[in-house]
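Heads up, the thing below is written out as structure tokens.
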Amino acid sequence: MDVREFWADEGKRRVAVMASLMVVFFSCVLILVWSFSAEVLKPAGFGSLSPKAVVTVNPWRLRLSAHLPGVYSKPSTDAGGKLTYERFSDGDTMYCAYFGLLNIRSGPDRESAVVARASYGDSVQVFWRDASGYVRVRYRKPHVRETVEGYCVMDELSEAPPSDGRVFLDVPSYKQYDSRWGELSLGDSYETIASAGCATSCLAMSYSYLEGTATTPDGMEERLFYDEHGRLGFPKVYEKDWDGNYLEHALAQLRRGVPVLIGGFTEDDRPHWVLITGYVGDGLELHASDFLIQDPASEERPTLAEFIRDYPVHDKIVYYKGEV
């Protein structure tokens with residue numbers, strides 16, 4: 001082999017070595033990029049992926065990665081590869097526009113379990129909308145620190161709070177005659193919850209709503225005091241109001257998110273208590289027929305007007321006066 005052939009072969013070897021090194025280098029770079037992107041886009045439990053953390057790593061992925069649904073491995077796309085849901089900015093605030101209770105479910109369909117119920121006017125944080133018409137939301141229950149994550153129907157939400165004067169509180173309904181507690185005595189008296197536990201049942205409903213727990217009438221004995229006739233003493237955190245403008249005062253409490261107990265008597269002096277839980281009027285002229293109630297003794301009195309018809313002598317209203 002002469003000198004020219006030697007250097008020609010040597011040049012080919014150098015080119016081959018350089019090409020091999022370049023292949024190895026770019027392969028390593030591609031592996032690193034793939035690993036980094038997979039970590040950023042890895043589905044997480046809802047709310048566990050911090051948008052701020054993503055911004056510091058890769059800002060252009062913020063809107064997508066911050067809202068990937070944690071129950072799916074990747075966002076759904078149509079035939080053209082486009083995302084099939086509408087992305088919202090981080091936690092857009094919207095409001096329940098359904099007068100009643102809006103189901104928040106564990107998945108974006110009617111078959112999924114109900115994990116919470118938003119009341120009329122309640123705010124939710126909206127994160128993305130699925131092609132099915134459901135949106136993924138984060139909802140904080142009233143009066144408690146519990147936050148629920150799930151899905152609700154987009155059509156029942158509005159961008160602004162409802163402007164009318166209606167109020168609807170998600171207060172459970174307990175009947176004093178329920179067999180689970182109806183025969184229990186009120187303190188050491190001869191009265192039972194079924195015979196005279198209307199105020200006890202109303203307080204149980206109020207506590208259940210304000211505390212976010214299922215506090216039934218049989219669990220109220222340790223919170224209340226009864227005299228020898230079964231009459232209870234209201235807790236100190238409840239305000240008693242004998243003012244004649246009780247409808248106005250009741251509406252003010254409802255707008256605070258507080259249900260209101262109201263007591264009355266029949267013409268022959270028999271007492272009864274019910275719980276005011278909603279209002280359907282315009283807020284200008286107040287009528288008893290516009291106030292919704294939970295009556296622990298009847299299914300036939302849905303409004304305050306029916307209660308006043310049967311118990312026309314007004315006693316007082318009682319409501320929780322603490323911070324809510």
Side-chain angles (χ1 to χ4, degrees), residues 101 114-122 139-148 167-187 189 191-227 230-241 246 249-264 271-279 291-299 301-302 304 307 315-324:
L101 300 173
V114 175
V115 296
R117 301 184 300 182
S119 296
Y120 184 67
D122 284 354
Y139 171 63
R140 180 172 178 175
K141 293 183 178 180
H143 309 303
V144 295
R145 294 184 178 182
E146 182 182 359
T147 299
V148 178
V167 181
F168 193 98
L169 305 183
D170 183 14
V171 179
S173 176
Y174 300 142
K175 299 304 180 186
Q176 63 191 83
Y177 51 78
D178 192 303
S179 60
R180 291 173 291 177
W181 50 71
E183 297 307 313
L184 298 178
S185 297
L186 297 177
S189 74
E191 296 284 8
T192 65
I193 294 178
S195 65
C198 51
T200 297
S201 300
C202 289
L203 282 171
M205 291 186 253
S206 178
Y207 272 116
S208 294
Y209 174 72
L210 294 172
E211 297 178 347
T213 59
T215 304
T216 51
D218 55 326
M220 292 297 296
E221 183 174 4
E222 58 188 43
R223 293 182 182 237
L224 303 174
F225 168 78
Y226 300 93
D227 66 14
R231 294 188 293 257
L232 67 81
F234 285 97
K236 293 182 179 180
V237 292
Y238 277 75
E239 180 79 20
K240 304 180 187 69
D241 188 342
Y246 62 90
H249 295 175
L251 181 56
Q253 296 307 315
L254 290 176
R255 287 174 173 167
R256 287 180 62 223
V258 174
V260 178
L261 288 83
I262 182 168
H272 187 47
W273 289 88
V274 297
L275 189 67
I276 305 175
T277 61
Y279 175 72
F291 287 83
L292 308 178
I293 65 171
Q294 299 278 24
D295 188 336
S298 174
E299 296 282 2
R301 290 189 283 260
L304 188 57
F307 171 70
D315 182 8
K316 56 181 173 288
I317 62 173
V318 181
Y319 52 85
Y320 178 73
K321 65 179 179 180
E323 295 294 329
V324 292

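A quick note: this is a predicted structure, and the numbers were derived from the prediction, not measured.
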With rounding to the nearest 0.5 Å, note down the distance linking CG in D178 to CD in E183. 11.0 Å
Kindly compute the distance separating CG (D122) from CZ (R117), expressed to the nearest 0.5 Å. 12.0 Å
Give a yes or no answer on whether the side chain of S119 reaches the backbone of L101 with a donor-acceptor pair at less than 3.5 Å. no
What one should report as the nearest heavy-atom pair of M220 and T200 is CB-CG2, 3.9 Å
For the student: nearest non-hydrogen atoms of W273 and C198, plus distance: N-SG, 3.5 Å
So, do L186 and I193 sit near enough that their side-chain heavy atoms are less than 4.5 Å apart? yes
What closest approach, in Å, do A196 and Q176 show between heavy atoms, and which atom pair accounts for it? N-NE2, 4.1 Å
Just wondering, do S189 and D227 contact through their side chains at under 4.5 Å, heavy atoms? no
Residues, nucleotides or ligands: over 12 heavy atoms within 6.0 Å of E239 CD: yes
Note, V274 side chain near P296 side chain (heavy atom, < 4.5 Å): yes
Under 3.5 Å, is there a donor-acceptor pair between the side chain of E146 and the main chain of G212? no
Would I276 and Y319 satisfy side-chain contact (heavy atoms from CB on, under 4.5 Å), going step by step from the backbone distance to the final call? CA-CA 10 Å; I276 305 175; Y319 52 85; over 6 Å; no
Report yes if the side chains of W181 and P217 come closer than 4.5 Å at any heavy-atom pair, otherwise no. yes
Does the side chain of Y320 come within less than 4.5 Å of V237's, by heavy atoms? yes
Which heavy atom in H143 sits nearest to a heavy atom in R256, and how many Å separate them? CE1-O, 4.0 Å
Under the 3.5 angstrom rule, does the side chain of H272 hit a backbone N or O of F307 as a donor-acceptor pair? no
Nearest non-hydrogen partners of L169 and P259, listed with the distance: CD1-N, 3.7 Å
Contact between S173 and L275 at the side-chain level, heavy atoms closer than 4.5 Å - yes or no? no
I'd like to know if the side chain of S201 and the backbone of G197 have a donor-acceptor N/O pair within less than 3.5 Å. yes
If you look at every heavy atom in V318 and K240, which pair is closest and at what distance? CG2-CG, 4.2 Å
Look only at the side chain of K141 and the backbone of A118, and say whether a donor-acceptor pair between them is shorter than 3.5 Å. no
Is there a donor-acceptor pair under 3.5 Å between the side chain of S208 and the backbone N or O of T215? yes
In Å and rounded to the nearest 0.5 Å, what is the OH to CD distance from Y174 to Q294? 10.5 Å
Do you know which of V260, L254, I262 makes side chain to side chain contact (heavy atoms under 4.5 Å, CB included) with F291? L254
Gap between atom OH of Y209 and atom OG1 of T277 - 0.5 Å precision: 10.0 Å
Would a 4.5 Å heavy-atom cut-off, applied to side chains only, mark I293 and R301 as touching? yes
Please list, chain by chain and in numerical order, all residues satisfying salt bridge (charged side-chain N to carboxylate O under 4.0 Å, His left out) with R223, sequence neighbours excluded. E211
